[in-house]
There are 2 protein chains.
Amino acid sequence: MSELKIQHLVTLTGLLSRGAKNNFVPVTTTSLGQQIHKSQQAASQHLLELEEAGFIERMMSGRKISVRLTKKGYEQISDVFNLLKNSMGAVNTIELGGTLVSGMGEGAYYMSLKGYTKQFKTKIGYVPFPGTLNVRLDKKEHVEAARQLGSKEGIKIDGFSDGRRTYGWVKCYPCTINGKIDCQLILLERTHHDYSVIELISETDIRKRLVLKNGAHLAIKIPTE
Amino acid sequence: MSELKIQHLVTLTGLLSRGAKNNFVPVTTTSLGQQIHKSQQAASQHLLELEEAGFIERMMSGRKISVRLTKKGYEQISDVFNLLKNSMGAVNTIELGGTLVSGMGEGAYYMSLKGYTKQFKTKIGYVPFPGTLNVRLDKKEHVEAARQLGSKEGIKIDGFSDGRRTYGWVKCYPCTINGKIDCQLILLERTHHDYSVIELISETDIRKRLVLKNGAHLAIKIPTE
DNA sequence: ATTACTAAACATCGAGTAA
DNA sequence: TTTACTCGATGTTTAGTAA
């Protein structure tokens with residue numbers, strides 16, 4: 001990762017933020033210590049060690065110190081920055097894996113109600129094929145990830161009432177199956193305590209398109225942000 | 001700086017780069033140890049402590065571990081990233097301070113030679129007012145910064161010969177005086193071993209414009225990059 | 001005021017090892 | 001195989017203090 005001792009990165013960053021990239025800037029070990037939440041003595045030692053390692057240049061005028069980063073020092077901090085940048089950009093998808101199971105058939109019924117289909121048309125752009133794909137998540141961590149998904153923003157289909165009973169909201173999350181088929185993972189208000197089986201809807205009949213039988217394994221990717 | 005122990009930042013970054021932002025990802029303490037250049041035991045301990053501090057969630061299936069970052073964990077690493085980002089962007093100017101002194105008068109003579117003025121006109125856009133502003137740098141670190149400036153790229157005015165003698169190159173660095181007047185700091189081949197007095201040229205007569213007497217204090221800012 | 005030394009307290013690490 | 005414990009070695013920080 002780096003020649004730089006990790007503890008010194010903080011100190012180096014403190015110096016950088018004081019403008020020590022190009023200029024010698026005056027630094028007292030006391031103020032630097034406060035900045036890095038360490039003692040005056042620690043700051044003093046860090047400066048000595050950073051100089052020894054060639055990351056900074058120190059210049060004493062009387063008892064005062066001025067410091068600036070060397071090329072090497074700046075490059076080190078820059079390396080760490082890039083590492084962090086790359087790591088942060090790394091993952092913006094949630095990946096789930098599971099087994100296709102037969103639904104109860106109720107999903108198909110509910111999702112084809114006028115109260116829902118009108119909203120689907122405007123909010124996800126199509127009326128779903130009648131019938132949901134039910135996928136059992138086999139791994140603990142995938143169930144947990146699905147639960148986490150529930151706390152994120154999705155496309156909200158509002159609930160409604162037909163006078164006799166009420167129908168809960170549905171949240172849609174665009175995703176892909178096996179990297180090929182675009183579909184929506186839906187979370188239902190009425191079942192939102194069980195994340196071990198998820199439901200997927202799509203414009204076309206996915207079972208037919210992928211020639212899927214119950215027991216087939218599916219990989220589902222959900223982009224986030 | 002952060003609630004996060006600095007030593008754990010590396011571990012957290014390692015997890016992040018494995019995609020542990022949204023998904024639980026399987027992690028063995030041995031492989032994590034290798035990734036962060038520490039032992040299996042250290043990695044194990046880091047995970048325990050990171051969980052305790054609320055930065056990650058661990059999930060054990062048998063002897064295997066899956067891990068993902070919590071919101072708090074991601075925010076912490078994101079904070080560090082932003083801190084670094086801000087620090088890195090912080091300073092792109094060199095700042096010098098010094099006292100106005102009377103020049104030898106030779107600067108004025110040399111700079112008004114045809115061999116130079118023709119190049120000034122094309123390379124910095126004007127023919128400088130005849131006469132340079134000499135500024136004595138009073139602080140050690142400013143002299144050092146000026147020396148450092150010499151190793152950077154500037155606008156190069158080539159030397160020339162009039163048949164009897166040769167005249168050295170001049171490097172120009174755009175800068176401002178007291179945040180107001182645009183001018184050029186010039187480094188001369190013939191004097192480039194002494195950085196304790198710098199010379200400034202400008203299109204107009206700076207002494208008059210700023211009503212400067214010898215002994216006046218000047219602040220000079222030189223943008224870099 | 002300042003830097004930086006010493007010595008003791010504290011933290012971190014890895015070898016060995018249990019489960 | 002794993003994870004994670006104990007414990008001795010090593011590294012780091014701080015209090016006290018000299019200069």
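A, B, ... follow the sequence lines: proteins, then strands. Residue 1 opens every chain.
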(message) Rounding to an integer number of Å, can you tell me how far L48(B) CG sits from dT6(D) C1'?
(response) 14 Å

(request) Return the value, rounded to whole Å, for the distance between atom CD of Q41(B) and atom P of dA11(C). (result) 20 Å

(request) Look at all strands and tell whether L47(A) reaches a base, only sugar-phosphate, or nothing, counting heavy atoms closer than 4.0 Å. (result) nothing

(request) Could you check whether the rings of H8(B) and H46(B) sit parallel, tilted or perpendicular, using 30° and 60° as the cut-offs? (result) perpendicular

(request) Could you tell me whether Q40(B) contacts a base, only the sugar-phosphate backbone, or nothing, with contacts defined as non-hydrogen atoms closer than 4.0 Å? (result) base

(request) Could you please name the option among dA4(C), dT13(D), dG14(C) that lies closest to any side-chain atom of H46(A)? (result) dT13(D)

(message) With a 4.0 Å limit, can you tell me whether T28(B) has a side-chain N or O closer than that to the phosphate oxygens OP1/OP2 of dT2(D)?
(response) no

(request) Find the distance E52(A):CD to dA4(C):C1' and express it as a whole number of Å. (result) 15 Å

(request) Please report how far the helix from dT2(C)-dA19(D) to dA19(C)-dT2(D) bends, comparing the axis fitted to its first five pairs with the axis fitted to its last five, to the nearest 10 degrees. (result) 30°

(request) Pick base, sugar-phosphate or nothing for A42(A), based on heavy-atom distances below 4.0 Å to the nucleic acid. (result) base

(message) Please enumerate all residues that pass side chain to side chain donor-acceptor pair (under 3.5 Å) together with D138(A), with sequence neighbours excluded.
(response) T99(A), R136(A)

(request) Using atom CD of E51(A) as one end and atom P of dT3(C) as the other, report the distance to the nearest whole Å. (result) 14 Å

(message) Would you say T29(A) places a side-chain N or O within less than 4.0 Å of OP1 or OP2 belonging to dT3(C)?
(response) yes

(message) I want to check something: taking the side chain as every heavy atom from C-beta on, are V170(B) and M111(B) in contact at a cut-off of under 4.5 Å?
(response) yes

(message) I need the NE2-C1' distance between H8(B) and dC13(C), as an integer number of Å.
(response) 11 Å

(message) Within the structure provided, determine whether S66(A) and V27(A) are in side-chain contact (heavy-atom separation under 4.5 Å).
(response) no

(message) Among residues at least two apart in sequence or on other chains, which ones pass side chain to side chain contact (heavy atoms under 4.5 Å, CB included) with Q41(A)?
(response) S39(A)

(message) Please tell me whether Q40(A) and T30(A) have a donor and an acceptor in their side chains that are separated by less than 3.5 angstrom.
(response) no

(request) Would you mind reading off the distance between L50(A) atom CG and dT12(D) atom P, rounded to a whole angstrom? (result) 12 Å

(message) Distance alone, cut at 3.5 Å: any donor-acceptor contact between the side chains of N23(A) and R18(A)?
(response) no

(message) Is K5(B) close enough to dA11(C) that one of its side-chain N or O atoms is under 4.0 Å from OP1 or OP2 there?
(response) no

(message) Whole angstroms only, please: what is the CD-C1' distance between Q7(A) and dT13(D)?
(response) 10 Å

(request) Please report, rounded to the nearest Å, how far the P atom of dT3(D) is from the CD atom of E49(B). (result) 16 Å

(message) With a 4.0 Å limit, can you tell me whether K64(A) has a side-chain N or O closer than that to the phosphate oxygens OP1/OP2 of dT2(C)?
(response) no

(request) Check every atom of dA4(D), dT1(D), dT3(C) against the side chain of R63(B) and return the nucleotide holding the closest atom. (result) dT1(D)

